[in-house]
Amino acid sequence: MHLFETKNRYFDELFNNPKLMWLGQNTNHFPTHPAVVEAMTDSIRREEYHAYAPPAGIEELRQLIQQDLGLPDASVLVTDGGVEGLYNACRNLSEPGVDFVTTDPGWKWPMAFAKASGARIVEIPIYKPENGYRLTAAQLQAAVSEKTRIIYLVDPNNPLGVCYTADEIEAFAGIARSVGSFFIHDCTYFHFADRHTLAARFYPEKTITVYSFSKWLGLAGLRIGAIVANPDLIEQLAAAPPNNLGCNVISQRAAIAGLKVKHEWLPDINRRQRRNQAEIVNAVRGIPGMAVAVYPSQANFLVVECIDAGVTPEALVAAYQTQDIMIRQGAYHTPTFGHRFVKVSTTVPEAWVDAFCERLPAMVAKARGIRDVPPLF
Ligand SMILES: Cc1ncc(COP(=O)(O)O)c(C=O)c1O
């Protein structure tokens, strides 16, 4: 069977399991705010989906995203999830002979997009406790050259959960400017951070900010996000985008409603997911050799190191799968460091995290006995 078929069946089985506890994809499974549900049902009732939405997004949504980011001079292109914006930018701005610079670990898909357009991929290792699992300006400086076309930074980082300070972001943006590179600032998880600084503040000319509704608002399956940059750059990216017919209108109505209730929704979501982080840290402390790499995580997940506990991430994932719990093997993020850890998501009902924690000792024991794990994705 082709790999894509195997992969699809893998996710189809997970998706169609109504008992599944989703602790593997950083999605948000807290119950939806009633105003968001109402906006979607209202849109369906009015059957407004017969029409295409405006190509760059419903104006109200574009304005709300701009306000949420606090970038009044930037232009918003609403996309089918942040990933469509990443695809657009990485494919269109890359070409043979240029470098795409990013961190390892990070999110792998933009690398694949840039590579498909011929860019050389330069990965900077940041899985280093001695650096606090962070990219340093010196590392970035050493990795860039006149050939650097794109610097891609996931901030807060997926999977590590580190978030960069204003000083660090300013330094990174300065390095990008010094070589004339675009700076793609993937802020998919910024709503979970205590503090977050946009690179666009320091380098508005060539920063592309990636925005998502999948994680903070819990709309992953609705596919809605945006890229935000200066109007000239958006003009360039809007010329031949992957989807020129406007994004899903129901999703856009949900996103508009979500941004309007964000002030009452987000604090509680963050309180609950930080509670979940604390519970996982407690459970992990009870297992000799296991450790959480970065705590508190500035995103909605934790990296749990299992290498010194004598279990492979794959075996642990397989063990939890027998309990209808999905967690993610590190190899999804990084071939280099992936054998060290699993990732556990925290924007989920407390009962799911409690189930993960209660079963951890038994799952570690079970994983030690698992030898052959079928392919995981
Ligand atoms: C760093 C990063 N960027 C983008 C995305 C995709 O976001 P969206 O669901 O908005 O396409 C993800 C999803 O996991 C991600 O981790």
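For ligands, and for the atoms within them, numbers begin at 1 and follow the listed sequence.
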[atom] - nearest protein heavy atom and its distance:
{"atom": "atom 9 (O) of ligand 1", "value": "S214 OG, 2.5 Å"}
{"atom": "atom 5 (C) of ligand 1", "value": "W107 CH2, 3.4 Å"}
{"atom": "atom 2 (C) of ligand 1", "value": "D186 OD2, 3.4 Å"}
{"atom": "atom 11 (O) of ligand 1", "value": "R223 NH2, 2.7 Å"}
{"atom": "atom 13 (C) of ligand 1", "value": "K215 NZ, 3.2 Å"}

Could you tell me whether [X] and [Y] have a side-chain N and a carboxylate O separated by less than 4.0 Å?
{"X": "R274", "Y": "D194", "answer": "yes"}
{"X": "R9", "Y": "D12", "answer": "no"}
{"X": "R149", "Y": "D99", "answer": "no"}
{"X": "R223", "Y": "D80", "answer": "no"}

inquiry  = For the residue pair Y189 / N26, report whether a side-chain donor-acceptor contact shorter than 3.5 Å exists.
reply    =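 Distance-only check passes for N26 and Y189.
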key: Side chains of E264 and H33, donor plus acceptor under 3.5 Å   =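 H33 and E264 do have a side-chain donor-acceptor pair below 3.5 Å.
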Using a 4.0 Å heavy-atom cut-off, which part of [X] comes near ligand 1: side chain, backbone, both, or neither?
{"X": "Y189", "answer": "side chain"}
{"X": "E84", "answer": "neither"}
{"X": "T188", "answer": "side chain"}

task = Please identify each residue that fulfils side-chain hydrogen bond (donor to acceptor under 3.5 Å, both in side chains) with S212, with sequence neighbours left out.
result =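 If we apply the side-chain hydrogen bond (donor to acceptor under 3.5 Å, both in side chains) test to S212, skipping adjacent residues, the hits are S214.
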key: Proximity flag N26 to ligand 1, non-hydrogen atoms under 4.0 Å   =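 The answer is no, since N26 has no heavy atom less than 4.0 Å from ligand 1.
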ask   = Can you tell which of G85, G82, C187 gets a heavy atom nearest to atom 8 (P) of ligand 1?
value =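 Looking at heavy atoms only, the winner is G82.
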